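What follows is a short report on a single structure.
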Number of protein chains: 2
Amino acid sequence: MKTKENSEEILSSLANEGFRITRLRKAIIGVFTGNGLPMSADELMEILRSGNTAFNKTTVYREISFLKERGVIQEIQFLHERVKRYELASLEHHHHLVCLRCNRVEDIVLENDLAEQERSILNSKGFKVTNHMLEFHGICRGCHS
Amino acid sequence: MKTKENSEEILSSLANEGFRITRLRKAIIGVFTGNGLPMSADELMEILRSGNTAFNKTTVYREISFLKERGVIQEIQFLHERVKRYELASLEHHHHLVCLRCNRVEDIVLENDLAEQERSILNSKGFKVTNHMLEFHGICRGCHS
DNA sequence: TTGACAAACGCAACTAAGTTGCATTAAACT
DNA sequence: AGTTTAATGCAACTTAGTTGCGTTTGTCAA
(Lines give C-alpha, C1' and ligand atoms only; values in the text may rest on other atoms or scores of the structure.)
Protein backbone atom coordinates (compact mmCIF):
# COMPACT_ATOMS: atom_id res chain seq x y z
CA MET A 1 0.00 0.00 0.00
CA LYS A 2 1.61 3.23 -1.06
CA THR A 3 1.34 6.44 0.92
CA LYS A 4 0.79 9.96 -0.37
CA GLU A 5 3.01 11.48 2.31
CA ASN A 6 6.38 10.78 3.79
CA SER A 7 7.84 11.44 7.17
CA GLU A 8 9.34 14.83 6.21
CA GLU A 9 6.06 16.13 4.84
CA ILE A 10 4.14 15.15 7.95
CA LEU A 11 6.74 16.69 10.24
CA SER A 12 6.92 19.99 8.44
CA SER A 13 3.17 20.30 8.24
CA LEU A 14 2.93 19.72 12.00
CA ALA A 15 5.68 22.30 12.55
CA ASN A 16 3.74 24.78 10.42
CA GLU A 17 0.72 24.29 12.63
CA GLY A 18 2.87 25.23 15.61
CA PHE A 19 3.56 21.82 17.09
CA ARG A 20 7.01 20.85 18.26
CA ILE A 21 9.19 18.34 16.54
CA THR A 22 10.41 16.21 19.38
CA ARG A 23 12.72 13.22 19.34
CA LEU A 24 9.88 10.77 20.03
CA ARG A 25 7.41 12.38 17.64
CA LYS A 26 9.97 12.11 14.87
CA ALA A 27 10.68 8.46 15.70
CA ILE A 28 7.01 7.47 15.86
CA ILE A 29 6.14 9.14 12.58
CA GLY A 30 9.15 7.38 11.10
CA VAL A 31 7.81 4.02 12.25
CA PHE A 32 4.36 4.67 10.78
CA THR A 33 5.66 5.87 7.44
CA GLY A 34 8.01 2.90 7.20
CA ASN A 35 5.43 0.30 8.10
CA GLY A 36 2.39 -0.61 6.03
CA LEU A 37 0.33 -2.74 8.36
CA PRO A 38 -1.90 -1.64 11.24
CA MET A 39 0.14 -1.52 14.44
CA SER A 40 -0.91 -1.71 18.08
CA ALA A 41 0.58 0.62 20.71
CA ASP A 42 2.47 -2.36 22.01
CA GLU A 43 3.95 -3.27 18.65
CA LEU A 44 4.94 0.35 18.11
CA MET A 45 6.80 0.34 21.43
CA GLU A 46 8.48 -2.93 20.48
CA ILE A 47 9.79 -1.32 17.30
CA LEU A 48 10.97 1.79 19.14
CA ARG A 49 12.73 -0.42 21.67
CA SER A 50 14.45 -2.42 18.96
CA GLY A 51 15.65 0.83 17.39
CA ASN A 52 17.04 1.92 20.74
CA THR A 53 14.65 4.85 20.98
CA ALA A 54 13.94 5.58 24.62
CA PHE A 55 10.29 6.25 25.43
CA ASN A 56 7.70 6.32 28.14
CA LYS A 57 4.44 4.41 27.75
CA THR A 58 2.28 7.40 28.67
CA THR A 59 4.01 9.60 26.14
CA VAL A 60 3.58 7.01 23.41
CA TYR A 61 -0.15 6.76 24.11
CA ARG A 62 -0.39 10.54 24.15
CA GLU A 63 1.47 10.79 20.87
CA ILE A 64 -0.86 8.23 19.31
CA SER A 65 -3.90 10.25 20.28
CA PHE A 66 -2.23 13.44 19.12
CA LEU A 67 -1.52 11.95 15.70
CA LYS A 68 -5.02 10.53 15.54
CA GLU A 69 -6.62 13.87 16.38
CA ARG A 70 -4.49 15.65 13.79
CA GLY A 71 -5.56 13.08 11.20
CA VAL A 72 -2.06 11.72 10.61
CA ILE A 73 -2.99 8.18 11.61
CA GLN A 74 -6.30 6.36 11.84
CA GLU A 75 -7.62 3.88 14.32
CA ILE A 76 -8.58 0.35 13.36
CA GLN A 77 -10.30 -2.22 15.51
CA PHE A 78 -10.33 -5.83 14.45
CA LEU A 79 -13.31 -7.79 15.65
CA HIS A 80 -11.34 -10.65 17.13
CA GLU A 81 -8.89 -8.46 19.06
CA ARG A 82 -9.12 -6.18 22.03
CA VAL A 83 -6.33 -3.79 21.15
CA LYS A 84 -6.69 -0.77 18.91
CA ARG A 85 -4.43 -0.57 15.88
CA TYR A 86 -3.20 2.42 13.91
CA GLU A 87 -1.98 3.07 10.42
CA LEU A 88 -1.14 6.16 8.36
CA ALA A 89 -4.31 7.98 7.39
CA SER A 90 -2.74 9.01 4.09
CA LEU A 91 -2.77 5.45 2.81
CA GLU A 92 -5.17 4.89 -0.05
CA HIS A 93 -8.67 4.10 1.30
CA HIS A 94 -8.81 0.34 1.75
CA HIS A 95 -10.12 -2.52 3.86
CA HIS A 96 -8.63 -5.57 5.50
CA LEU A 97 -8.76 -9.28 4.86
CA VAL A 98 -8.15 -11.08 8.14
CA CYS A 99 -7.25 -14.76 7.91
CA LEU A 100 -8.88 -16.72 10.70
CA ARG A 101 -6.28 -19.46 10.47
CA CYS A 102 -2.94 -17.61 10.38
CA ASN A 103 -4.19 -14.21 11.60
CA ARG A 104 -2.35 -12.42 8.82
CA VAL A 105 -3.85 -9.18 7.55
CA GLU A 106 -3.91 -8.23 3.89
CA ASP A 107 -5.03 -4.91 2.43
CA ILE A 108 -7.68 -4.68 -0.24
CA VAL A 109 -9.03 -1.82 -2.33
CA LEU A 110 -12.60 -2.20 -3.58
CA GLU A 111 -13.34 -0.82 -7.03
CA ASN A 112 -16.54 1.04 -6.35
CA ASP A 113 -16.25 0.67 -2.62
CA LEU A 114 -19.63 1.25 -0.93
CA ALA A 115 -20.73 4.41 -2.72
CA GLU A 116 -23.93 2.82 -3.93
CA GLN A 117 -24.87 1.46 -0.51
CA GLU A 118 -24.16 4.79 1.11
CA ARG A 119 -26.36 6.62 -1.35
CA SER A 120 -29.20 4.23 -0.67
CA ILE A 121 -28.75 4.63 3.10
CA LEU A 122 -29.14 8.38 2.75
CA ASN A 123 -32.28 7.93 0.68
CA SER A 124 -33.97 5.32 2.78
CA LYS A 125 -32.90 6.30 6.29
CA GLY A 126 -31.82 9.94 6.06
CA PHE A 127 -28.51 8.85 7.58
CA LYS A 128 -25.51 10.67 6.06
CA VAL A 129 -22.56 8.27 6.03
CA THR A 130 -19.24 10.05 6.50
CA ASN A 131 -17.10 6.97 6.91
CA HIS A 132 -17.30 3.20 7.09
CA MET A 133 -15.36 0.34 8.48
CA LEU A 134 -15.28 -2.96 6.69
CA GLU A 135 -13.37 -6.07 7.57
CA PHE A 136 -13.54 -9.40 5.76
CA HIS A 137 -12.89 -12.62 7.66
CA GLY A 138 -12.01 -15.86 6.04
CA ILE A 139 -9.23 -18.17 4.92
CA CYS A 140 -6.31 -16.81 2.92
CA ARG A 141 -4.79 -18.48 -0.13
CA GLY A 142 -1.86 -19.88 1.81
CA CYS A 143 -4.11 -21.48 4.43
CA HIS A 144 -6.65 -23.36 2.29
CA SER A 145 -4.30 -24.66 -0.35
CA MET B 1 -35.16 -6.54 13.68
CA LYS B 2 -37.04 -9.82 14.01
CA THR B 3 -35.49 -12.98 15.29
CA LYS B 4 -35.95 -16.50 13.99
CA GLU B 5 -35.74 -18.00 17.46
CA ASN B 6 -37.21 -17.30 20.84
CA SER B 7 -35.97 -18.00 24.31
CA GLU B 8 -37.73 -21.38 24.62
CA GLU B 9 -36.25 -22.66 21.39
CA ILE B 10 -32.74 -21.69 22.37
CA LEU B 11 -33.08 -23.23 25.81
CA SER B 12 -34.45 -26.53 24.60
CA SER B 13 -31.82 -26.84 21.90
CA LEU B 14 -29.10 -26.27 24.51
CA ALA B 15 -30.75 -28.83 26.76
CA ASN B 16 -30.76 -31.31 23.89
CA GLU B 17 -27.05 -30.84 23.47
CA GLY B 18 -26.59 -31.79 27.12
CA PHE B 19 -26.11 -28.37 28.69
CA ARG B 20 -27.85 -27.40 31.89
CA ILE B 21 -30.62 -24.88 32.09
CA THR B 22 -29.58 -22.74 35.00
CA ARG B 23 -31.29 -19.74 36.55
CA LEU B 24 -28.74 -17.29 35.11
CA ARG B 25 -28.55 -18.90 31.69
CA LYS B 26 -32.32 -18.63 31.39
CA ALA B 27 -32.27 -14.99 32.50
CA ILE B 28 -29.46 -13.99 30.13
CA ILE B 29 -31.06 -15.66 27.13
CA GLY B 30 -34.27 -13.90 28.10
CA VAL B 31 -32.51 -10.54 28.03
CA PHE B 32 -30.98 -11.18 24.61
CA THR B 33 -34.22 -12.39 23.04
CA GLY B 34 -36.11 -9.43 24.47
CA ASN B 35 -33.59 -6.82 23.38
CA GLY B 36 -32.79 -5.90 19.80
CA LEU B 37 -29.66 -3.77 20.10
CA PRO B 38 -26.08 -4.88 20.69
CA MET B 39 -25.40 -5.00 24.42
CA SER B 40 -22.14 -4.81 26.37
CA ALA B 41 -21.45 -7.15 29.31
CA ASP B 42 -21.96 -4.17 31.57
CA GLU B 43 -25.33 -3.26 30.11
CA LEU B 44 -26.41 -6.87 30.38
CA MET B 45 -25.50 -6.87 34.07
CA GLU B 46 -27.39 -3.60 34.53
CA ILE B 47 -30.51 -5.20 33.07
CA LEU B 48 -30.12 -8.31 35.22
CA ARG B 49 -29.69 -6.12 38.28
CA SER B 50 -32.80 -4.12 37.46
CA GLY B 51 -34.75 -7.35 37.13
CA ASN B 52 -33.48 -8.47 40.55
CA THR B 53 -31.57 -11.38 39.07
CA ALA B 54 -28.58 -12.10 41.28
CA PHE B 55 -25.35 -12.77 39.40
CA ASN B 56 -21.61 -12.84 39.60
CA LYS B 57 -19.48 -10.92 37.12
CA THR B 58 -17.27 -13.92 36.32
CA THR B 59 -20.27 -16.13 35.65
CA VAL B 60 -21.81 -13.54 33.34
CA TYR B 61 -18.60 -13.29 31.31
CA ARG B 62 -18.40 -17.07 31.18
CA GLU B 63 -21.99 -17.32 30.05
CA ILE B 64 -21.35 -14.76 27.31
CA SER B 65 -18.45 -16.78 25.95
CA PHE B 66 -20.47 -19.97 26.25
CA LEU B 67 -23.33 -18.48 24.21
CA LYS B 68 -20.88 -17.05 21.72
CA GLU B 69 -19.14 -20.41 21.23
CA ARG B 70 -22.45 -22.17 20.77
CA GLY B 71 -23.43 -19.60 18.16
CA VAL B 72 -26.39 -18.24 20.11
CA ILE B 73 -25.03 -14.71 20.21
CA GLN B 74 -22.45 -12.90 18.14
CA GLU B 75 -19.80 -10.40 19.05
CA ILE B 76 -19.75 -6.86 17.70
CA GLN B 77 -17.03 -4.29 18.10
CA PHE B 78 -17.72 -0.68 17.34
CA LEU B 79 -14.70 1.28 16.21
CA HIS B 80 -15.13 4.13 18.66
CA GLU B 81 -15.62 1.93 21.71
CA ARG B 82 -13.46 -0.33 23.77
CA VAL B 83 -16.11 -2.76 24.95
CA LYS B 84 -17.35 -5.75 23.04
CA ARG B 85 -21.06 -5.95 22.36
CA TYR B 86 -23.30 -8.93 21.76
CA GLU B 87 -26.59 -9.58 20.03
CA LEU B 88 -28.61 -12.66 19.11
CA ALA B 89 -26.95 -14.49 16.23
CA SER B 90 -30.33 -15.52 14.86
CA LEU B 91 -31.18 -11.95 13.91
CA GLU B 92 -31.38 -11.39 10.18
CA HIS B 93 -27.89 -10.57 8.79
CA HIS B 94 -27.48 -6.81 9.05
CA HIS B 95 -25.07 -3.97 9.71
CA HIS B 96 -25.06 -0.91 11.93
CA LEU B 97 -25.38 2.80 11.38
CA VAL B 98 -23.59 4.59 14.21
CA CYS B 99 -24.41 8.27 14.65
CA LEU B 100 -21.31 10.22 15.61
CA ARG B 101 -23.37 12.96 17.20
CA CYS B 102 -25.89 11.12 19.39
CA ASN B 103 -24.16 7.71 19.45
CA ARG B 104 -27.40 5.93 18.65
CA VAL B 105 -27.16 2.69 16.69
CA GLU B 106 -29.60 1.74 13.96
CA ASP B 107 -29.76 -1.58 12.12
CA ILE B 108 -29.63 -1.80 8.35
CA VAL B 109 -30.07 -4.66 5.90
CA LEU B 110 -28.29 -4.27 2.56
CA GLU B 111 -30.10 -5.66 -0.49
CA ASN B 112 -27.28 -7.54 -2.14
CA ASP B 113 -24.95 -7.15 0.79
CA LEU B 114 -21.34 -7.71 -0.29
CA ALA B 115 -21.73 -10.87 -2.34
CA GLU B 116 -20.20 -9.29 -5.42
CA GLN B 117 -17.19 -7.92 -3.55
CA GLU B 118 -16.61 -11.27 -1.86
CA ARG B 119 -16.68 -13.09 -5.18
CA SER B 120 -14.12 -10.70 -6.59
CA ILE B 121 -11.89 -11.09 -3.53
CA LEU B 122 -11.86 -14.84 -4.05
CA ASN B 123 -10.96 -14.39 -7.72
CA SER B 124 -8.28 -11.79 -7.31
CA LYS B 125 -6.71 -12.76 -3.99
CA GLY B 126 -7.65 -16.38 -3.45
CA PHE B 127 -9.05 -15.31 -0.09
CA LYS B 128 -12.28 -17.14 0.82
CA VAL B 129 -14.46 -14.74 2.81
CA THR B 130 -16.58 -16.52 5.41
CA ASN B 131 -17.88 -13.45 7.18
CA HIS B 132 -17.61 -9.70 7.18
CA MET B 133 -18.06 -6.83 9.52
CA LEU B 134 -19.34 -3.53 8.27
CA GLU B 135 -20.14 -0.43 10.23
CA PHE B 136 -21.25 2.91 8.81
CA HIS B 137 -20.43 6.11 10.65
CA GLY B 138 -22.18 9.39 10.07
CA ILE B 139 -24.97 11.67 11.13
CA CYS B 140 -28.47 10.33 11.65
CA ARG B 141 -31.65 11.99 10.42
CA GLY B 142 -32.47 13.40 13.84
CA CYS B 143 -29.04 14.98 14.23
CA HIS B 144 -28.64 16.86 10.96
CA SER B 145 -32.17 18.17 10.61
C1' DT C 1 22.35 33.37 23.58
C1' DT C 2 19.50 33.75 26.80
C1' DG C 3 15.03 33.88 28.85
C1' DA C 4 10.22 32.85 28.86
C1' DC C 5 6.40 30.25 27.67
C1' DA C 6 3.70 26.39 26.85
C1' DA C 7 3.98 22.01 24.55
C1' DA C 8 5.60 17.76 25.61
C1' DC C 9 7.37 14.46 29.00
C1' DG C 10 8.02 11.04 33.02
C1' DC C 11 6.51 8.91 36.94
C1' DA C 12 3.33 6.68 39.92
C1' DA C 13 -0.95 5.59 40.81
C1' DC C 14 -5.41 4.48 38.91
C1' DT C 15 -9.26 2.53 35.94
C1' DA C 16 -12.04 -0.40 32.89
C1' DA C 17 -12.94 -4.61 31.08
C1' DG C 18 -12.19 -8.90 31.35
C1' DT C 19 -9.61 -13.52 32.99
C1' DT C 20 -7.78 -17.33 35.97
C1' DG C 21 -7.43 -20.78 39.65
C1' DC C 22 -9.61 -23.26 42.73
C1' DA C 23 -12.76 -24.74 45.99
C1' DT C 24 -18.05 -25.20 46.17
C1' DT C 25 -22.77 -25.79 44.52
C1' DA C 26 -26.44 -27.61 41.96
C1' DA C 27 -28.72 -29.51 37.44
C1' DA C 28 -29.91 -33.71 35.56
C1' DC C 29 -29.37 -38.47 34.96
C1' DT C 30 -29.33 -43.23 37.25
C1' DA D 1 -31.36 -40.40 47.05
C1' DG D 2 -26.80 -40.61 45.16
C1' DT D 3 -23.49 -39.44 41.70
C1' DT D 4 -21.43 -36.88 38.31
C1' DT D 5 -19.68 -32.95 36.25
C1' DA D 6 -21.43 -28.53 34.42
C1' DA D 7 -21.80 -24.30 36.32
C1' DT D 8 -20.84 -21.00 40.07
C1' DG D 9 -18.57 -17.60 43.38
C1' DC D 10 -14.77 -15.43 45.24
C1' DA D 11 -10.39 -13.21 45.28
C1' DA D 12 -6.62 -12.12 42.97
C1' DC D 13 -4.64 -10.98 38.58
C1' DT D 14 -3.93 -9.07 33.77
C1' DT D 15 -4.15 -6.13 29.81
C1' DA D 16 -4.59 -1.91 27.72
C1' DG D 17 -4.77 2.16 28.49
C1' DT D 18 -5.60 6.97 31.44
C1' DT D 19 -4.93 10.75 34.86
C1' DG D 20 -2.70 14.18 37.80
C1' DC D 21 1.00 16.72 38.54
C1' DG D 22 5.44 18.34 38.80
C1' DT D 23 9.58 18.68 35.40
C1' DT D 24 11.85 19.19 31.04
C1' DT D 25 12.66 21.01 26.56
C1' DG D 26 11.45 22.94 21.79
C1' DT D 27 10.69 27.28 19.84
C1' DC D 28 10.31 32.04 19.45
C1' DA D 29 11.38 36.87 20.75
C1' DA D 30 14.51 40.01 22.95
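Naming: A, B, ... by sequence-line order, numbering from 1 per chain. Only a predicted model underlies this, so the values are computations on that prediction, with no experimental measurement involved.
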Inset, instruction - Taking atom types as modelled, find out whether H80(B) and H137(B) have a side-chain donor-acceptor pair closer than 3.5 angstrom. - result: no
Legend entry - Whole angstrom value for the distance that separates P of dA28(C) from CG of L11(B): 10 Å
Legend entry - Any donor-acceptor N or O pair under 3.5 Å, side chains H94(B), E87(B): yes
Legend entry - Most 5' of D42(A) and T58(A) on DNA chain D, judged by nearest nucleotide: D42(A)
Legend entry - Atom-to-atom span, CD of E63(B) to C1' of dA26(C) - whole angstrom: 15 Å
Inset, instruction - Report yes or no: do H95(B) and D107(B) form a side-chain donor-acceptor pair below 3.5 Å? - result: no
Inset, instruction - Report the distance from atom CE of M45(B) to atom P of dA17(C), rounded to the nearest whole Å. - result: 9 Å
Inset, instruction - Hey, which sits more toward the 5' end of DNA chain C by its nearest nucleotide, I21(B) or S40(B)? - result: S40(B)
Inset, instruction - Between dA16(D), dG9(D), dC9(C), spot the one nearest the side chain of V83(A), thanks. - result: dA16(D)
Inset, instruction - Tell me which of R62(A) and G18(A) sits closer to the 5' end of DNA chain C, going by the nucleotide each one is nearest to. - result: G18(A)
Inset, instruction - Decide, yes or no, whether a salt bridge links R85(A) with E75(A) under the criterion of side-chain N to carboxylate O below 4.0 Å. - result: no
Legend entry - Side-chain N,O (Y61(A)) to OP1/OP2 (dT18(D)) below 4.0 Å: no
Legend entry - d(CZ, R23(B); C1', dG9(D)) in whole Å: 11 Å
Legend entry - First encountered from the 5' end of DNA chain D, between A54(B) and R82(B): A54(B)
Legend entry - Nucleotide dA8(C), atom P - distance to CG of L24(A) in whole Å: 12 Å
Inset, instruction - Figure out the NZ/C1' separation between K57(A) and dT18(D), and round it to whole Å. - result: 9 Å
Inset, instruction - Would you indicate, yes or no, if dA7(D) has its OP1 or OP2 atom less than 4.0 angstrom from a side-chain nitrogen or oxygen of T22(B)? - result: no
Legend entry - H132(A) and E118(A) side chains, donor-acceptor separation under 3.5 Å: yes
Inset, instruction - Return the value, rounded to whole Å, for the distance between atom CG of N56(B) and atom P of dT24(C). - result: 16 Å
Legend entry - Euclidean distance, atom CZ of residue R20(B) to atom C1' of dT3(D) [Å, nearest integer]: 11 Å
Inset, instruction - Give a yes/no on whether any side-chain N or O of R25(B) is located under 4.0 angstrom from OP1 or OP2 of dA7(D). - result: yes
Inset, instruction - Looking at every strand, decide which applies to A41(B) at a 4.0 Å heavy-atom threshold: base, sugar-phosphate, or nothing. - result: sugar-phosphate
